[in-house]
Asks: 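This structure is in structure tokens; I'll ask about it shortly.
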Amino acid sequence: MATPWTKDSLLEAIKTNPDFCVNCPTLAQDISEQRLNLLTLVEHLKDVLTDPEPSQRAVGTLVLATVLRDLPKDFVRENELKFITAFFCDRLKDHHDVIPAALKGILSILQMKNTAKESPAEILRSLVLNLNCQGQRHEDRLVIYRILDLLVLPHLSSLQDLGPDLVYHIMTAVEGERDPRNLVFLFSMLPSIIKSLSLGHLTEDFFEIMACYFPVDFNPSAEQRSQITREQLATGLACVLTAIPSFADFAIPLALEKLDSPIRLAKMDSLHLLIKGFDEFPPEKVAVHISPIWESLSREALSGSDYEVRESSRRAVTHLLRCLSESSTVNEGKSNPMRQLLSDVVAASTSCLSEIQTTLFMPAADLLLAAAKSAPPACEYILTKVLPSVVDFFHTKNDAADRSIYLRIISRFLTVCKSFEVTPLNNQEITPQWNLLLQLYLSSAEHESNLELKEALFGLTTLTPTLNSSERERLYNLLSTFVDRDCSTEVREQCRLCLCEIGIHFPNEVFECILPEKLNLLECDGANSKFDRRMQAQCWLAALPPFTQRVLPSVIKIILESKHLHQIQASLSALRKLVQDIPENAGPNHHVFVSLNESCSNAVARLTSWWRESVENAGECAWVTNETICNDVCFIISNVTRHSSPQDQELVVQHTLPLLHSVCATFDPSSQKHHQEVINTFEAVFGCLHCHIPLPEVRSLCCLLYKISVGTPFNSVHTSSSRLCASFVNKMPIASLEDTLSDLDTLLQSSCTQGSVQEVGLSASFCGWIVKGLSMRGYTKLEMWIDKLIKYVGADDKHIAMMAAQCFRVIMDDSPIYLNEGSHCTVRLLHKQRVFLCALKIVNKSKEIQTEQRYPYLLAVINLLAGVSQSVLSSNIGEVLPLVLESLSQDSPFLIDTALSTLNDLLTQPAFYDSLNDHIQSIIPRLLPLTIHADSMTIRQVAIRCLYNVANLKTELLLPFRVEVLAQLTLCVGDSKRGVRQDAVAARSQWLSVFWSVQGKK
């Protein structure tokens, strides 16, 4: 096979293409595919590699290094690599211009798989004999460090014979490095190397070389700030300084020395180094320094003025005790270092807890809590030695706020005990202290103060698993009282948590005692608040799987069968809260949804039927006119349907679809029946179905929904019926879609020719919803329907035109409940961008209209801009920006407000600055009058914010407006509204700073 490269062609490529040696196009590929031999390449490069000019030798060496880099890692054989290694090592003796290329060649060799056993030692000797690492450029030093990284760990067995010399060579290479980019790599590389080597007598010297960087003092430039941070360097250095146990004798004194510094960063770095050391060093090494460590940490944790320093000091205490807890002497009595340190912590902190008003109270409590968090033995020690004293301090206080603070502190300790399972269930020795705390909480729970009561319930929640039967009975009675009582929101929430904790640990007692006795609904009068609270409490328990199938059927039964408005409203409210608290990502197998679909015999269908019957008998069922009840019913039905499986949804459809057909077919706008409540409920069912659920006669149903939409006097019915039809259009099969759209088009045309102004306006709104549903599914003939909507915008009647213009906001905004992915609609990517591009013709259409009649077009364009991506808008900004600016001169506060918000968004995005610079002569004169708009504070604020952002445009274009803008903003500083004054001051400062910078340049 003919070689693709000759000697002359290769030399010509090197000579004519400066980038050839960096990329070497096709050379590596030709060699790997055996169209070119590696030896042949070296022969071709002979003249360059032996050229008297160092720069030419560097180019030839770099070509060879680059080719090796791009070859497969197992391509070059061992004997070939030995030859190439010798060549690159020899190049290290060459001119300094050649050395960078030789280093890259060595790096490429070490990345190969067939490196000879003796090559690592040969490379290291060449580096040591021929190079002064710190005398090289920073990028070449980085290559040397990468070589060391690939040299030491993978080939450690080949370098063992060097003994301490290997450590010395590494120390020599890294000593004195100052470039932060190289230090980041060094700090990530050195810990593993240090752990693999025996430093011996060089341990302290190696540590001192690294310790010179501590604490890290690094102020990055603007270019470096995005690449390297001081925290990144500090974290890496701490890993190096704690890499091996023998560093403990030097790292801990170093950290303690710097901890005494008045510089905050030095303190923080020292504390982080101590924390890292406590995690890495063996307990025996740490215990040697326990006295000075505690002296420094206690001073910072208790008396320090900086919050972060105090917090880090407490973390250090936690890690220190955790380290000491792993010592072999931890269980050998009072002589062990952990016990000694705990004794010091308790002695320094307990006395500070006697008076809440002292400055040391909270630091001391936090320090004791930090000690308890370290390990189970420490937690047990604090529980037995400190908490009895805290209880004594509690009893000396009469103020409820002070007592609640002590309870909160005890509860925090109990939470730690619970996490470590330090309870009487696992350790009988702490039973006396546990009982003392239990009696304290039980007695506090009988007080009237909400502050004290909340903390007492929190503590009882923590203690619940350890209570005996008599104590639990007492707790049940207390909870029953709190449930029935009018308590604060915080206390009721704590009641809920405590009741759920009981349900988790003692479900049988909840079934046998709490539900039938303490939360019995039959004992309540139908109209009193006790029923509300007990129903709410039962739904708290229904959130737990053991009780869902017991509670929910009774809740549904009360809703469907009760004749008391109060009971129905309370039950629906509690059920809504239960459904609302379920995570949005919960699937159909969530126990609440399973119970509502199965144990409650298809609750959605039963609720829908019940609501329909209630509407039909509105005279006897007063709740149908209650807006809260209607909203709760719709919310429950929509959420349960949305999270139901397709099989469950099909069952719902079988029961409810005939009802929907019946309601739609018998709809009469002049009737006094409550169609408003019925249609909303049916949308909750059918608006959340999966797209493949079959709906018989959906074509005729859409036509009926259209008639309801344009015939109803209620806005909510119009919106629900239009949105439901749009949902059907979005989800129905394509075979049914065309026929359905044809029917709807016929109905729309009929309304335009024969309907009243009100009916045509509602038809335009209905058309907008259909466009939304079609755009979301990616309908191919969408543009035809957008054209229909644009025709409505051009209607002679202003009412019709305005309703059509508002439809573009409906289309571009996301729907919160229906017509979204959560309700199983088809949502194509970039569908809003497609609507925007299809509707842009409205801009040209507006130019044909007289100025006084362009208001609907302006509103439509402003609404179109909502939700459009920056990339699409930037390519069309020249067309829409003049209309946005024209909108600022209209009389409508709504249009002005919307246009200002759009303009402000454009002004905050640098991608639009070029277009905005072209229109600056129109922007500023339109904004200035709006800063003193009499009718709207919002308009004044947004106009001023726009002026603030205008100052980011080209300064030379702003100069002619300087005096006028500053005078107007000075006037705004005296505005009667504080928010306007604040924005005016900020905008004026922004404009002044721009021109001060210009003066500074002059």
Side-chain angles (χ1 to χ4, degrees), residues 611-612 615 624-625 627 630-631 633-634 637-638 660-661 663-688 698 700-730 740-741 743-752 754-774 785 788-789 792-793 795 797-813 815-820 823 825 856 859-860 863:
W611 189 250
R612 166 72 193 285
V615 171
V624 297
T625 59
E627 185 177 353
C630 182
N631 291 337
V633 170
C634 293
I637 290 176
S638 64
L660 177 59
H661 275 290
V663 169
C664 293
T666 59
F667 174 77
D668 180 6
S670 62
S671 172
Q672 297 301 313
K673 292 183 178 180
H674 299 274
H675 293 284
Q676 179 176 0
E677 291 79 9
V678 178
I679 295 298
N680 292 349
T681 309
F682 279 117
E683 185 190 18
V685 178
F686 293 94
C688 300
V698 67
S700 62
L701 191 58
C702 287
C703 294
L704 292 172
L705 286 171
Y706 169 80
K707 293 178 181 178
I708 294 176
S709 174
V710 301
T712 179
F714 300 107
N715 287 332
S716 62
V717 176
H718 165 74
T719 301
S720 290
S721 53
S722 302
R723 189 166 51 200
L724 181 55
C725 188
S727 180
F728 287 154
V729 165
N730 178 270
T740 302
L741 291 179
D743 293 344
L744 293 177
D745 186 27
T746 302
L747 291 170
L748 287 169
Q749 292 181 18
S750 175
S751 294
C752 288
Q754 303 175 15
S756 62
V757 171
Q758 178 69 20
E759 184 176 338
V760 177
L762 293 173
S763 297
S765 178
F766 181 88
C767 182
W769 282 105
I770 297 301
V771 170
K772 184 178 182 69
L774 293 174
W785 280 85
K788 296 179 187 297
L789 190 57
Y792 282 112
V793 176
D797 188 274
K798 187 175 181 180
H799 171 75
I800 298 173
M802 290 299 298
M803 291 196 71
Q806 284 290 55
C807 289
F808 286 101
R809 172 66 70 171
V810 171
I811 296 169
M812 303 304 281
D813 282 348
S815 298
I817 302 177
Y818 308 104
L819 270 182
N820 53 38
S823 58
C825 284
L859 181 60
N863 288 332

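The model shown is predicted, which means the values in this text are computed figures rather than measured ones. For reference, positions follow the sequence shown, starting with 1.
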Asks: Please tell me if the side chains of Val760 and Asp797 come closer than 4.5 Å, counting only heavy atoms from C-beta onward.
Replies: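 The answer is no, as the side chains (C-beta and beyond) never meet within the 4.5 Å cut-off.
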
Asks: What is the minimum heavy-atom distance between Ala805 and Asn863, and which atoms define it?
Replies: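 Nearest pair, atom of Ala805 first, then Asn863: O-ND2, 3.0 Å.
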
Asks: For the backbone of Ser716 and the side chain of Thr719, can you confirm whether one donor and one acceptor N or O come within less than 3.5 Å of each other?
Replies: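 Checked: no pair found.
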
Asks: For residues 761-771, dump all side-chain donor-acceptor pairs below 3.5 Å to protein atoms at least two apart in sequence or in another chain.
Replies:
{"unit_1": "Ser763", "atom_1": "OG", "unit_2": "Tyr706", "atom_2": "OH", "d": "3.0"}
{"unit_1": "Ser763", "atom_1": "OG", "unit_2": "Glu759", "atom_2": "O", "d": "2.9"}
{"unit_1": "Ser765", "atom_1": "OG", "unit_2": "His718", "atom_2": "NE2", "d": "2.8"}

Asks: Would you give the length of the straight line joining atom NZ of Lys707 to atom CG of Leu747, rounded to the nearest 0.5 angstrom?
Replies: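 Answer for the NZ-CG pair, Lys707 versus Leu747, is 6.5 Å.
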
Asks: Got a second to check how far Leu744's CG is from Phe728's CZ, nearest 0.5 Å?
Replies: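 These two atoms lie 12.0 Å from each other.
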
Asks: Hydrogens and angles aside, do Asn680 and Ser720 bring a side-chain donor and acceptor to less than 3.5 Å of each other?
Replies: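 Yes - a donor-acceptor pair under 3.5 Å links their side chains.
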
Asks: Rounded at 0.5 Å granularity, tell me how far OH in Tyr792 sits from CG in Leu789.
Replies: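 The CG atom of Leu789 is 8.5 Å from OH of Tyr792, to the nearest 0.5 Å.
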
Asks: Is there a side chain to side chain donor-acceptor pair (under 3.5 Å) between Asn820 and Ser823? Walk through the geometry before answering.
Replies: CA-CA 5 Å; Asn820 53 38; Ser823 58; 3.2 Å; yes

Asks: Enter the distance from Ile817:CD1 to Cys634:SG here, rounded to the nearest 0.5 Å.
Replies: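 The distance works out to 9.0 Å.
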
Asks: Ignoring hydrogens and angles, tell me if any N or O in the side chain of Asn730 forms a donor-acceptor pair with the backbone of Ala726 under 3.5 Å.
Replies: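 No, Asn730 side chain to Ala726 backbone: no donor-acceptor pair under 3.5 Å.
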
Asks: Nearest 0.5 Å, what's the CZ-OG distance between Phe682 and Ser721?
Replies: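 The OG atom of Ser721 is 13.5 Å from CZ of Phe682, to the nearest 0.5 Å.
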
Asks: Taking atom CG of Asp813 as the centre, does the number of heavy atoms from other residues, nucleotides or ligands within less than 6.0 Å exceed 12?
Replies: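 Above 12, so yes.
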
Asks: Please report the interatomic distance CD1(Ile800) to CE(Met802), rounded to the nearest 0.5 Å.
Replies: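 Between atom CD1 of Ile800 and atom CE of Met802 there are 12.5 Å.
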
Asks: If you look at every heavy atom in Lys772 and Ile811, which pair is closest and at what distance?
Replies: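 Nearest heavy atoms, Lys772 then Ile811: NZ-O, 3.2 Å.
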
Asks: Could I get the full list of side chain to side chain contact (heavy atoms under 4.5 Å, CB included) partners for Asp743, not counting sequence neighbours?
Replies: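 Side chain to side chain contact (heavy atoms under 4.5 Å, CB included) list for Asp743, sorted by chain: Arg699, Cys703.
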
Asks: Is the backbone N or O of Leu741 less than 3.5 Å from a side-chain atom of Asp745, with the two atoms forming a donor-acceptor pair by type?
Replies: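 Between the backbone of Leu741 and the side chain of Asp745 there is no qualifying donor-acceptor contact (under 3.5 Å).
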
